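Right, one structure below, let's go through it.
Sequence lines set the chain letters: A, B, ... in the order given, protein chains first and strands last, and positions in each chain run from 1. What you see is a predicted model; the values in this text were computed from it and never measured.
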Amino acid sequence: MPRLPFETLSETLRRGGIAPRHVSRYIAELNDHCDDLTQAAQAKGLSRADAERQALAELGSPDDLAQAMLARDDLKTLSARHPMSFFSFGPAVVLVVSFIAAGVLLVGIALTGQAMFGAQTSADLTPEQLAVLHGLQPVFNAFAWGLKFLLPSALGWLFLRKAMRQQVDLRWVVLGAALIAVIGGATDLTATLPSAPGEKGELQFGFGWYPPFPEYLNTTFRALFNFAVLAPGLWWLARAKAAQA
Amino acid sequence: MAAKSTNPHFMNGVPELLILRLLKDREMYGYELVQAIRAATRDEITLGEGVVYPVLHALEKDGALKSRRKAVAGRTRVYYTVTAAGLKRLGALIGTWAKLNDAIASTLNGDAHAPLAV
């Protein structure tokens with residue numbers, strides 16, 4: 001049975017924003033249709049080779065077949081229908097929601113830990129329990145570092161990868177990268193553990209460019225660092241778009 | 001008086017109308033549907049393969065159709081059937097088409113104010 005020589009059709013449709021499930025089924029159905037056309041032509045007496053050629057001609061060119069699908073906005077992904085919102089603000093929204101979820105998770109862990117220790121508040125912890133808590137400080141520090149640096153970078157790269165596979169205005173992607181770099185840089189998460197029984201601990205989750213002056217530099221550096229991690233991806237995307245143009 | 005809006009789906013709705021009407025009688029796959037439309041319209045309308053599948057996908061996405069891959073005589077094909085929502089949509093499309101048909105027919109028959117120049 002002939003296979004459609006439309007190797008680029010799938011890629012064209014995906015780059016045009018057609019949802020992957022529609023692309024794969026469309027290609028499969030076109031192949032089935034081509035089989036049926038070939039069989040019908042052979043039933044009329046054509047040779048196999050001629051029947052396949054006629055079937056492919058009847059099906060139409062890859063461009064015609066692509067345009068028929070690309071004309072349907074209702075079959076496109078969210079990112080294709082609303083590219084500006086998706087690539088500019090989508091990463092920031094996902095990042096903020098992730099931060100909120102992380103905050104809720106940390107509070108949940110703290111309350112659960114207190115309950116497991118039989119303490120009403122962190123001031124009720126015994127020296128042995130405090131020692132366990134301080135032993136977990138590196139874990140918390142790693143978590144906080146991941147939240148401030150790894151998460152914005154990972155999200156940024158996920159959206160960049162999506163932008164690579166689709167026709168999208170580079171400005172929206174750059175704006176999205178800048179927003180998550182700033183949000184990631186301006187977010188701070190600290191835990192002040194009680195150093196002695198009777199003292200209360202504190203979990204701080206904040207956002208902003210904090211005074212005094214040196215802190216501004218710290219926050220600015222973090223935002224620039226986050227953007228720098230995404231910069232190679234943006235440059236790569238810009239080159240790929242220029243090559244396609 | 002506010003201007004009447006144009007009929008943006010004047011011809012765009014024809015493939016949908018034909019597909020829903022034929023699938024109302026029995027489930028069919030894409031090639032079968034193209035042949036059925038050609039036969040039902042006595043070769044007056046031939047839907048290209050590039051037209052029929054996007055319409056089928058869109059109708060399924062809207063809930064007007066449902067699909068399943070079925071094996072028949074050793075081959076598997078994606079068969080489409082109309083849902084209750086599809087029957088409702090078919091009713092609406094038939095209604096719209098009937099109105100358009102009447103409007104065009106009355107114009108051609110000279111029921112409009114200006115006589116038809118022949």
Side-chain angles (χ1 to χ4, degrees), chain A residues 1-6 8-10 12-14 16-44 51-52 54-78 80-81, chain B residues 8-16 18-20 22-23 27-39 43 45-81 83 85-86 89 93:
Chain A
M1 293 296 171
R3 291 290 96 182
L4 289 170
F6 303 146
T8 57
L9 177 58
S10 175
T12 303
L13 292 173
R14 286 179 201 271
I18 299 295
R21 67 182 181 286
H22 290 297
V23 173
S24 51
R25 207 165 85 192
Y26 186 47
I27 301 292
E29 286 176 318
L30 287 175
N31 273 309
D32 291 342
H33 203 112
C34 199
D35 288 346
D36 292 323
L37 288 171
T38 303
Q39 281 194 356
Q42 281 185 283
K44 288 179 186 166
E52 285 178 2
Q54 183 177 295
L56 291 171
E58 265 186 69
L59 216 50
S61 70
D63 281 344
D64 291 337
L65 294 172
Q67 287 313 311
M69 267 306 234
L70 291 171
R72 309 248 13 168
D73 273 354
D74 49 354
L75 299 180
K76 291 183 177 171
T77 58
L78 181 65
R81 280 180 279 129
Chain B
H9 301 297
F10 176 42
M11 287 307 290
N12 288 351
V14 169
E16 265 188 36
L18 296 176
I19 285 169
L20 286 170
L22 290 169
L23 288 177
E27 66 174 357
M28 282 187 264
Y29 58 95
Y31 174 80
E32 212 178 357
L33 197 47
V34 169
Q35 301 305 308
I37 289 170
R38 191 178 278 160
D43 280 342
I45 296 176
T46 304
L47 288 189
E49 286 72 11
V51 170
V52 76
Y53 290 110
V55 173
L56 286 168
H57 285 209
L59 285 170
E60 188 182 18
K61 187 171 181 281
D62 290 344
L65 297 177
K66 58 183 181 199
S67 68
R68 60 181 181 135
R69 196 165 258 282
K70 198 167 89 166
V72 174
R75 309 182 319 174
T76 67
R77 293 290 182 267
V78 177
Y79 281 75
Y80 293 87
T81 41
T83 62
R89 186 151 167 176
L93 284 170

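Between A/H22 and B/H57, the ring planes are tilted. Angles from 30° to 60° get that label.
Annotation: the span from B/Y80 atom OH to A/E29 atom CD amounts to 3.5 Å, rounded to 0.5 Å.
Contact record, B/A58 with A/D74: CB-OD2, 3.4 Å, taken as the closest heavy-atom pair. The minimum heavy-atom distance linking B/R69 with A/A28 is given by the pair NH2-CB, 4.1 Å. The two residues A/D32 and B/T76 come nearest to each other via the heavy atoms OD2-O, 3.9 Å.
For chain A, the nearby part of B/E60 is the side chain; its heavy atoms alone come within less than 4.5 Å. With a threshold of 4.5 angstrom between heavy atoms, A/R25 approaches chain B through its backbone and through its side chain. Looking at A/I18, there are no atoms closer than 4.5 Å to chain B (heavy atoms on both sides), in backbone or side chain. Only the side chain of B/V34 comes within less than 4.5 Å of a heavy atom of chain A; its backbone N, CA, C and O stay farther away.
In this structure, the side-chain hydrogen bond (donor to acceptor under 3.5 Å, both in side chains) partners of B/Y29, at least two apart in sequence or on a different chain, are B/R75.
Side chains of A/L30 and B/Y53 form a contact here, defined as non-hydrogen atoms less than 4.5 Å apart. In this structure, the side chains of A/D35 and B/R77 come closer than 4.5 Å at one or more pairs of heavy atoms.
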